[in-house]
A.B. asks: 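First the structure, which I've put down as structure tokens, then a few questions once you've had a look.
Position 1 is the first residue of the sequence, and the numbers go up from there.
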Amino acid sequence: MKLDKISTEPPKGVTKENTQKRFAALGAELFELQDALWGAKVNSVLVVLQGRDSAGKDGTIKHVAGCLNPRGVHVVSFGVPTTEESQHDFLWRVHRHAPRLGEFAIFNRSHYEDVLVVRVHGLAPKKLWQARYGHIADFEELLAEHGTIVLKYFLHISKKEQKKRLLERERDPRSAWKLSANDWKEREHWDDYTEAYEDAISRTASRHAPWTVVPADAKWYRNLVVAESIVSALRECRKDWQRTLEETGRKARAELADYRRKKKVG
């Protein structure tokens, strides 16, 4: 898998205007699917968002999570490990935020940082971070075995687009708070991160925990692709959730009828 061979731009002929209705329809369907997920409580959903600085992780959360009921959504951002986190295995801080049945968890960065930034900056021996690919695969398989729908997204932007966004932050007072010299320092490792992402995606993609490389130069198209992918994955569970909800409804009606019968007799 070579990222340079995957476009960062929307397909030709696809415009912002002709996707607005599609995104709105997906948003409505996503809300309904989440409601069934919450009621049935036989699955959970983990959405992992990875990408370079300014790739749009926060923006994706804002627009896609905006289609969901906040009652059942948990967003977690993973930064530099705290002292406590660094004193445990690298998955400890992640596993404790895995979603409960019926809920969504959205990770802004994730356990993948331990095979990305750790690798690029030599923060751990090669033997250690290489072993983590297997640990990550096993961890995601464990989640899937217990009903978690694992969906992973790499927000793929070009170096040119990243530079444009970083400069825009400097000019716009509303986004200046996001400025960080480290963003520019990390650009110096562009090729190293490209290789790290290619290996991480190739070595941990699976049927139960797929990766989607999202063309992210156009924010509106990025949001559409992620929403489309999530809805597509949840649709496969709709019938199972509906059966569970119908059975729950039958039991509830029977209990109510029994209560009324006893109350009438009494």
A.B. asks: If two hydrophobic side chains count as joined below 4.5 Å and joins carry through other members, does Val64 share a cluster with Trp211?
C.D. replies: no
A.B. asks: How many angstroms lie between CG in Asn182 and CZ in Arg187, if you round to the nearest 0.5 Å?
C.D. replies: 13.0 Å
A.B. asks: Do Ser44 and Ile149 have side-chain heavy atoms sitting under 4.5 Å apart?
C.D. replies: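 No. Closest side-chain heavy atoms not under 4.5 Å.
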A.B. asks: Give me the atom names and distance for the closest heavy-atom approach of Trp241 to Ala36.
C.D. replies: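 For Trp241 and Ala36, the tightest heavy-atom pair comes out as CE3-CB, 3.9 Å.
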A.B. asks: So, using side chain to side chain contact (heavy atoms under 4.5 Å, CB included) as the criterion, who are the partners of Val225 when residues are at least two apart?
C.D. replies: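 Testing Val225 for side chain to side chain contact (heavy atoms under 4.5 Å, CB included), a comparison that skips the adjacent residues, returns Thr212, Val214, Tyr221.
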A.B. asks: Determine, step by step, whether Gln162 and Trp190 satisfy the side-chain contact (heavy atoms from CB on, under 4.5 Å) criterion, reporting the C-alpha distance in whole Å, the side-chain angles of both residues, the deciding distance to 0.1 Å, and the verdict.
C.D. replies: CA-CA 11 Å; Gln162 187 196 52; Trp190 186 275; 3.4 Å; yes
A.B. asks: So, do Phe104 and Asn69 sit near enough that their side-chain heavy atoms are less than 4.5 Å apart?
C.D. replies: no
A.B. asks: Please list all pairs meeting salt bridge (charged side-chain N to carboxylate O under 4.0 Å, His left out) that have one or both residues in residues 52-61, counting only residues at least two apart or in different chains.
C.D. replies: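 Listed by first then second residue: Asp53-Arg109.
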A.B. asks: Write out all pairs satisfying ring pair (Phe, Tyr, Trp, His ring centres under 6.0 Å) with one or both partners inside residues 4-51, taking only residues at least two apart or from two chains.
C.D. replies: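 Matches after skipping sequence neighbours: none remain.
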A.B. asks: For residues 227-237, please give each side-chain donor-acceptor pair under 3.5 Å, one per line with the distance, not counting sequence neighbours.
C.D. replies:
unit_1: Glu228; atom_1: OE1; unit_2: Arg22; atom_2: NE; d: 3.3
unit_1: Glu228; atom_1: OE1; unit_2: Arg22; atom_2: NH2; d: 3.4
unit_1: Glu228; atom_1: OE2; unit_2: Arg22; atom_2: NH2; d: 2.5
unit_1: Ser229; atom_1: OG; unit_2: Tyr153; atom_2: OH; d: 2.7
unit_1: Arg235; atom_1: NE; unit_2: Glu29; atom_2: OE2; d: 2.7
unit_1: Arg235; atom_1: NH2; unit_2: Glu29; atom_2: OE1; d: 3.0

A.B. asks: I need the minimum non-hydrogen distance between Lys163 and Trp184, along with the two atoms involved.
C.D. replies: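 Heavy atoms of Lys163 and Trp184 come nearest at CG-CH2, 4.1 Å.
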A.B. asks: Mind checking the NZ-CG spacing from Lys185 to Asp183? Nearest 0.5 Å is all I need.
C.D. replies: 10.5 Å
A.B. asks: Can you name the nearest heavy-atom pair linking Ala218 to Arg165, along with the distance?
C.D. replies: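 Shortest heavy-atom contact: N-NH2, 4.4 Å.
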A.B. asks: How would you list all residue pairs meeting ring pair (Phe, Tyr, Trp, His ring centres under 6.0 Å) that involve residues 115-138, not counting sequence neighbours?
C.D. replies: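 For residues 115-138, and leaving out neighbouring residues, the ring pair (Phe, Tyr, Trp, His ring centres under 6.0 Å) pairs sorted by first residue read His121-His189.
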A.B. asks: Would you compute the distance between atom CG of Leu68 and atom CG of Leu30 and round it to the nearest 0.5 angstrom?
C.D. replies: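 The CG atom of Leu68 sits 4.5 Å away from the CG atom of Leu30.
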A.B. asks: Just jot down the side chain to side chain contact (heavy atoms under 4.5 Å, CB included) partners of Ser158, sequence neighbours excluded, or say none.
C.D. replies: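 Listed in chain order: Thr8, Lys160, Glu161, Asp217.
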A.B. asks: State which residues pass salt bridge (Lys or Arg N to Asp or Glu O under 4.0 Å) with Glu170; sequence neighbours excluded, sorted by chain then number.
C.D. replies: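 Here no residue qualifies.
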A.B. asks: Between Asn108 and Ile61, is the side-chain contact (heavy atoms from CB on, under 4.5 Å) condition met? List the steps.
C.D. replies: CA-CA 8 Å; Asn108 182 340; Ile61 293 171; 3.9 Å; yes
A.B. asks: With rounding to the nearest 0.5 Å, note down the distance linking CZ in Arg253 to CG in Leu256.
C.D. replies: 10.0 Å
A.B. asks: Got Thr60 and Asn223 here, is their nearest side-chain heavy-atom distance under 4.5 Å?
C.D. replies: yes
A.B. asks: Name all residues meeting the salt bridge (Lys or Arg N to Asp or Glu O under 4.0 Å) criterion together with Asp191; count only those two or more places apart in sequence or in a different chain, and write none if there are none.
C.D. replies: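 Asp191: no salt bridge (Lys or Arg N to Asp or Glu O under 4.0 Å) contacts found.
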A.B. asks: Between Leu151 and Leu49, is there a shared hydrophobic cluster once you connect ILVMFWY residues whose side-chain heavy atoms come closer than 4.5 Å?
C.D. replies: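 Yes: a chain of side-chain contacts under 4.5 Å links Leu151 to Leu49.
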A.B. asks: Only counting residues at least two apart or in another chain, list the ones meeting ring pair (Phe, Tyr, Trp, His ring centres under 6.0 Å) with His156.
C.D. replies: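 In terms of ring pair (Phe, Tyr, Trp, His ring centres under 6.0 Å), with neighbours along the sequence ignored, His156 is linked to Phe154.
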A.B. asks: Locate the shortest heavy-atom distance separating Leu37 from Asn43; write the atom from each residue and the value.
C.D. replies: CD1-O, 3.1 Å
A.B. asks: Salt bridge or not for Glu247 and Arg250, using N-O below 4.0 Å?
C.D. replies: yes
A.B. asks: Do you reckon Leu123 sits in the same ILVMFWY cluster as Leu128, going by side-chain contacts under 4.5 Å, direct or chained?
C.D. replies: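 Different clusters: Leu123 never reaches Leu128 through Ile, Leu, Val, Met, Phe, Trp or Tyr contacts under 4.5 Å.
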A.B. asks: Is it the case that the side chain of Thr148 and the backbone of Val150 share a donor-acceptor pair, with hydrogens and angles ignored and the cut-off at 3.5 Å?
C.D. replies: no
A.B. asks: If every non-hydrogen atom of Val48 is compared with every non-hydrogen atom of Ser110, which pair is closest and at what distance?
C.D. replies: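 Nearest pair, atom of Val48 first, then Ser110: CG1-OG, 3.4 Å.
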A.B. asks: If hydrophobic clusters are built from ILVMFWY residues whose side chains come within less than 4.5 Å, do Ile157 and Val213 share one?
C.D. replies: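 They do not share one cluster, since no chain of ILVMFWY contacts under 4.5 Å joins Ile157 to Val213.
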A.B. asks: Could you tell me if the side chain of Lys219 sits less than 4.5 Å from the side chain of His63, heavy atoms only?
C.D. replies: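 When only atoms from C-beta onward are counted, Lys219 and His63 do not touch, as no gap falls below 4.5 Å.
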A.B. asks: Excluding sequence neighbours, so at least two apart, what forms salt bridge (Lys or Arg N to Asp or Glu O under 4.0 Å) with Lys21?
C.D. replies: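 Lys21 satisfies salt bridge (Lys or Arg N to Asp or Glu O under 4.0 Å) with no other residue.
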A.B. asks: Under 4.0 Å between a Lys/Arg side-chain N and an Asp/Glu carboxylate O for Arg132 and Asp89?
C.D. replies: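 So Arg132 does not pair with Asp89 through a salt bridge.
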A.B. asks: Please report the interatomic distance CD(Glu140) to CG(Leu46), rounded to the nearest 0.5 Å.
C.D. replies: 7.5 Å
A.B. asks: So, does Arg119 use its side chain to make a donor-acceptor pair with the main chain of Gln130 at under 3.5 Å?
C.D. replies: no
A.B. asks: Can you tell me if His208 and Glu145 form a side-chain donor-acceptor pair at under 3.5 Å?
C.D. replies: no
A.B. asks: Does one hydrophobic cluster hold both Val226 and Ile106, with members joined at side-chain heavy-atom distances below 4.5 Å?
C.D. replies: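 Yes, because Val226 and Ile106 connect within a single hydrophobic cluster, where side-chain heavy atoms sit under 4.5 Å apart.
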A.B. asks: Taking only residues two or more places apart in sequence, or in another chain, which ones meet Asp192 in a salt bridge (Lys or Arg N to Asp or Glu O under 4.0 Å)?
C.D. replies: none
A.B. asks: Pair up each side-chain donor or acceptor in residues 90-100 with any protein partner under 3.5 Å, not counting sequence neighbours, and list the distances.
C.D. replies:
unit_1: Arg93; atom_1: NH1; unit_2: Gly79; atom_2: O; d: 2.9
unit_1: Arg93; atom_1: NH1; unit_2: Glu85; atom_2: OE1; d: 3.3
unit_1: Arg93; atom_1: NH2; unit_2: Gly79; atom_2: O; d: 3.2
unit_1: Arg100; atom_1: NE; unit_2: Glu103; atom_2: OE2; d: 3.3
unit_1: Arg100; atom_1: NH2; unit_2: Glu103; atom_2: OE2; d: 2.8

A.B. asks: Is Arg169 close to Ser54 at the side-chain level, that is, under 4.5 Å between some pair of heavy atoms?
C.D. replies: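 A side-chain contact under 4.5 Å exists here.
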A.B. asks: Between Asp4 and Lys2, is there a side-chain N and carboxylate O pair less than 4.0 Å apart?
C.D. replies: no
A.B. asks: Atom CG in Leu167, atom CG in Asp172: separation rounded to 0.5 Å?
C.D. replies: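 Output value for this atom pair is 12.5 Å.
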A.B. asks: Work out which heavy atom in Val120 is nearest to a heavy atom in Ala196; give both atom names and the distance.
C.D. replies: CG2-CB, 4.2 Å
A.B. asks: Test side-chain contact (heavy atoms from CB on, under 4.5 Å) on Gln50 and Leu116; report intermediate values, then the result.
C.D. replies: CA-CA 10 Å; Gln50 289 286 158; Leu116 295 168; 3.7 Å; yes
A.B. asks: For the pair Leu3 and Met1, evaluate side-chain contact (heavy atoms from CB on, under 4.5 Å) and give the outcome as yes or no after the intermediate values.
C.D. replies: CA-CA 6 Å; Leu3 288 173; Met1 199 280 297; 3.9 Å; yes
